[in-house]
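Okay, structure first, notes after.
If you read the sequence from its start, that first residue is 1, and numbering goes on from there. Indexing begins at 1, ligand by ligand and atom by atom, following the structure's order.
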Amino acid sequence: MIVDAYLPAAQAQAIALLTRGDLVAIPTETVYGLAADASQATAVAKIFALKQRPTSNPLIVHIGSMAQLNDWAVHVPHLAYRLAAAFWPGPMTLILKKAPWVPRCVTAGQETIALRIPNHPAALALLKQFNGGVAAPSANLYTQLSPTTAQHVEHSLGSELLILDGGPAQIGIESTIIDCSSGEVSILRPGMLSAEMISTVLGQRVNYHAASEIKRPGSHYLHYAPQADCQLLTHERLATEWSVMDLATTGFITYSCDIAWSSAAKVQRLSSHPAEYARDLYRALHHLDQQRCARILVELPPTTVAWYAVHERLHKAAGLSLG
Ligand code: TXA
Ligand code: MG
């Protein structure tokens with residue numbers, strides 16, 4: 001059931017469900033999350049069951065304030081506090097050493113924990129009132145596209161779930177994950193918070209971690225896949241090939257304006273600005289899936305660093321690795 005996330009009665013109902021160990025879908029600024037009380041192992045188990053997610057994939061714990069950081073993490077390095085001060089609430093997840101009491105199912109048995117303070121007013125209000133930690137992966141079936149609207153959640157997980165509708169997600173792709181659990185800081189998953197922004201705050205160069213010992217299910221091919229067969233094409237190839245495609249079953253995602261589309265074509269034209277493009281990308285993929293496109297052709301965006309996280313998601317949607 002979809003309810004307005006800002007209604008006090010909806011927030012109260014969500015808190016009651018979380019407290020008694022049940023699931024609720026919540027809005028965040030990145031994507032919608034499937035939430036459970038992270039301190040209750042039986043509640044967390046329901047997340048894995050509903051999503052059909054392997055229990056070897058650890059979850060992100062969402063908290064409402066910096067004061068809660070030390071409830072969940074120990075030996076928090078100075079650099080992590082600097083990042084938290086700069087970017088929380090926001091689209092950033094920090095990997096830290098976990099407090100001993102944290103249920104093993106949350107961290108998939110690892111000694112580290114993923115923590116985030118999301119920047120969405122309804123989510124923050126809920127987390128502050130709940131005053132605990134909320135484990136929340138993206139609110140979709142395992143390997144499917146992440147949801148950026150309440151309707152996407154309902155489509156993937158059904159209408160029995162309480163879904164707090166906080167409007168379309170404003171960032172639109174998942175948070176940047178930064179590993180601060182060892183001596184060296186590195187980025188495990190790119191997001192709209194870029195390596196440049198992180199490096200600037202830390203005053204040192206931070207890189208993407210290529211091959212991590214840490215389990216990163218997000219790095220599986222086909223992790224963010226739409227149902228349709230998704231292919232990435234250069235502008236030139238798209239401009240010459242689109243007219244020979246079966247327009248009834250082919251969807252297109254573009255960002256440039258100079259392709260002479262037939263009015264019959266299923267086209268999602270996104271912004272040429274990377275933040276706006278990222279905000280709308282999953283919505284466009286969901287939309288073309290719902291139009292039952294057999295294939296989706298995506299015009300490759302520019303290869304500048306500002307587009308890095310978008311490229312990573314597009315490559316995953318197409319089942320490719322990023323160079
Ligand atoms: O934007 C987001 O991060 C969204 C919203 C709901 O907050 N959540 C999200 O959750 O994307 P999920 O479960 O789809 O992705 C979480 C990622 C997974 O790739 C998981 O492997 C990684 O976080 N992760 C969690 N705990 C970890 C840990 N201790 N070490 C390394 N990676 C971890
Ligand atoms: Mg996910």
Side-chain angles (χ1 to χ4, degrees), residues 23-36 38 44 47-48 50-64 72-73 87-99 102-120 122-124 126-127 133-148 152-153 156-157 163-164 166 169-182 186-193 209 211-220 222-225 278-279 282 309 312-313 316-317:
L23 304 180
V24 184
I26 60 167
T28 85
E29 80 280 34
T30 57
V31 300
Y32 275 69
L34 180 62
V44 172
I47 293 180
F48 288 102
L50 184 59
K51 271 190 68 110
Q52 298 164 26
R53 171 172 170 130
T55 53
S56 57
N57 291 1
L59 304 175
I60 298 173
V61 175
H62 298 71
I63 52 178
W72 298 89
F87 300 121
W88 275 349
M92 175 182 76
T93 297
L94 295 181
I95 307 293
L96 298 163
K97 289 209 165 62
K98 79 174 188 77
V102 175
R104 288 174 59 81
C105 56
V106 172
T107 65
Q110 299 184 82
E111 288 308 308
T112 55
I113 183 168
L115 288 167
R116 175 162 112 82
I117 303 182
N119 189 19
H120 185 290
L124 273 177
L126 183 80
L127 288 168
V134 161
S138 53
N140 53 279
L141 291 177
Y142 184 62
T143 75
Q144 285 187 2
L145 212 52
S146 290
T148 57
H152 294 159
V153 180
S156 184
L157 298 178
I163 304 167
L164 298 188
Q170 290 302 301
I171 301 289
I173 64 174
E174 302 82 352
S175 60
T176 305
I177 302 182
I178 309 172
D179 186 3
C180 298
S181 67
S182 62
S186 64
I187 300 171
L188 302 184
R189 180 174 72 184
M192 294 315 284
L193 183 70
H209 207 294
S212 172
E213 299 276 302
I214 300 167
K215 293 180 203 128
R216 287 185 306 144
S219 62
H220 282 170
L222 281 174
H223 191 67
Y224 305 102
R279 182 194 64 201
Y282 288 164
E312 199 254 3
R313 299 312 191 277
K316 278 179 178 153

Atoms of ligand 1, numbered as shown, that sit under 4.0 Å from any heavy atom of [X]:
X: Arg189; result: 2 (C), 3 (O), 9 (C), 11 (O), 15 (O), 16 (C), 17 (C)
X: Ser175; result: 1 (O), 2 (C), 3 (O)
X: Ile60; result: 3 (O), 8 (N), 9 (C), 10 (O), 16 (C), 23 (O)
X: Gly33; result: 6 (C)
X: Ile177; result: 17 (C), 22 (C), 23 (O)
X: Thr112; result: 28 (C), 29 (N), 30 (N)

inquiry  = Closer than 2.8 Å to the Mg ion (ligand 2): does that hold for any N, O or S atom in Tyr142?
reply    = no

task = Nearest heavy atom to atom 4 (C) of ligand 1 wins, so pick from Ile26, Val31, Ile173.
result = Val31

query = Looking only at non-hydrogen atoms, which of Glu111, His62, Lys51, Lys98 approaches atom 7 (O) of ligand 1 most closely?
reply = His62

Is any side-chain heavy atom of [X] closer than 4.5 Å to a side-chain heavy atom of [Y]?
X: Glu29; Y: Asn119; value: yes
X: Met192; Y: Ile173; value: yes
X: Ile95; Y: Leu188; value: yes
X: Thr93; Y: Ile178; value: no

inquiry  = Using the ring-ring contact (aromatic ring centres under 6.0 Å, His included) criterion, which residues pair with His152? Sequence neighbours excluded.
reply    = His286

task = Kindly compute the distance separating OG1 (Thr176) from CZ (Phe87), expressed to the nearest 0.5 Å.
result = 9.0 Å

ask   = Judged by non-hydrogen atoms, does Ala136 sit under 4.0 Å from ligand 1?
value = yes

inquiry  = Any heavy atom of Ile95 closer to ligand 1 than 4.0 angstrom?
reply    = yes

message = Between Arg189 and Ser175, is there a side-chain donor-acceptor contact under 3.5 Å, judged purely by atom types and distance?
response = yes

Has ligand 1 got any nitrogen or oxygen that is less than 3.5 angstrom from a nitrogen or oxygen of [X]?
X: Arg53; result: yes
X: Glu174; result: no
X: Tyr32; result: no

inquiry  = Between Thr28 (side chain only) and Thr30 (backbone N and O only), is there a donor and an acceptor less than 3.5 Å apart?
reply    = yes

task = Look at Glu174 together with Arg313 and state whether they make a salt bridge at an N to O cut-off of under 4.0 Å.
result = yes

